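Only one structure is covered here, and it is reproduced in the block below.
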Amino acid sequence: MSKNILILTGSPRQSGNSNIMAEFFMRAAESKGHTVKRIDCTRLHVGGCLACDTCYQNGKPCSVDEAFNSIADDILSADVLVFAMPVYWYTIPAQIKAVIDHLYCFCLREKEEYFGKQRALLACCEEHDPSVLDGVRIPFERMAALSKWEVIGEVLVPGVLHVGYITVTDGPARAAALADAL
Ligand SMILES: Cc1cc2nc3c(=O)[nH]c(=O)nc-3n(C[C@H](O)[C@H](O)[C@H](O)COP(=O)(O)O)c2cc1C
């Protein structure tokens, strides 16, 4: 069955390591007949959630953040959400974290379409210790549990610093192989 896949990327480096993995996954998924859309969170300029709890009160998911509202339908209509990002200071980079924080509106208003999706995670970091990736992996695992998302896979690659380093790891191939799990 053809699926509707949304990739949210969180690196400002257009040709960076996490975006390379996202590209490999995207191409593999498209070759299997899935529809894939990619949104670069670093270009969206979504601000932080204000915790005003006025979500949907004026008919829009977020009452204040039009940048988030511009992608809200893409998120809700996706069968599969794929998150791709580097580790920044042992956790999720700010621009994609701002988007993630706004998912709160779907939880608060119990939007049925938000729950029960599939999700995958592609992440990388400079340090060689794989536990550095816990700062991204663990929040996403908890988020998946709360959101009732089925985890279809995670590609977590330590030891990559500069643009392109990922190409000498198995990260891109593993990202592409995730398309088999759809
Ligand atoms: C602001 C910033 C913070 C970073 N923090 C970490 C870190 O805490 N641990 C780590 O191993 N690498 C850290 N890095 C390195 C990146 O995770 C690494 O270069 C990664 O390959 C970047 O992925 P990208 O090419 O997809 O942007 C940091 C890089 C930047 C720019």
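On a predicted model such as this, the values are computed, not experimentally measured, just so you know. Numbers for residues simply follow the sequence, beginning at 1. Each ligand, and each atom within it, is numbered from 1 in the order the structure gives.
Looking only at atom types and distance, the side chain of D40 has no donor-acceptor partner in the side chain of Q95 under 3.5 Å away.
A cation-pi arrangement is absent between K97 and Y88 under the rule of less than 6.0 angstrom and at most 45 degrees off the ring axis. At least one test fails for R137 against the ring of F140: distance under 6.0 Å to the centre or angle within 45° of the axis.
The shortest non-hydrogen separation linking A84 to S18 is CB-O, 4.0 Å.
A salt bridge between D65 and K60 is absent, with no side-chain N of the basic residue lying under 4.0 Å from a carboxylate O of the acidic one.
Under 4.0 angstrom from ligand 1, the non-hydrogen atoms of V132 all belong to its side chain.
Distances below 4.0 Å separate heavy atoms of S11 from the following atoms of ligand 1: 24 (P), 26 (O), 27 (O). Atoms of ligand 1 found under 4.0 Å from any heavy atom of L161 (numbered from 1 in listed order, with element): 18 (C), 19 (O), 21 (O).
Evaluated by nearest non-hydrogen atom to atom 26 (O) of ligand 1, the leading choice among G10, S18, G16 is S18. Of the listed options M85, R13, M21, R13 places a heavy atom closest to atom 22 (C) of ligand 1. Nearest to atom 5 (N) of ligand 1 by heavy-atom distance, out of W89, Y90, Y165, is W89.
Nearest non-hydrogen protein atom to atom 18 (C) of ligand 1 is V160 O, 3.4 Å. Protein heavy atom closest to atom 11 (O) of ligand 1, with residue, atom name and distance, is E127 N, 2.8 Å. Residue, atom and distance of the protein heavy atom nearest to atom 12 (N) of ligand 1 are E126 N, 3.2 Å. Y88 CE1, 3.6 Å is the protein heavy atom nearest to atom 31 (C) of ligand 1. In this structure, the protein non-hydrogen atom closest to atom 16 (C) of ligand 1 is V87 O, 3.7 Å. The shortest contact between atom 23 (O) of ligand 1 and any protein heavy atom is with P86 CB, 3.2 Å.
The closest donor-acceptor contact from the side chain of S2 to the backbone of G33 lies under 3.5 Å. Judged purely by atom type and a 3.5 angstrom limit, K117 uses its side chain to pair as donor or acceptor with the backbone of L76. For N17 (side chain) and Y165 (main-chain N/O), a donor-acceptor pair under 3.5 Å exists by modelled atom type. Looking only at distances, a side-chain donor or acceptor of H34 sits under 3.5 Å from a matching main-chain atom of K3.
When only interatomic distances are considered, the shortest N/O to N/O separation between V163 and ligand 1 does not fall below 3.5 Å.
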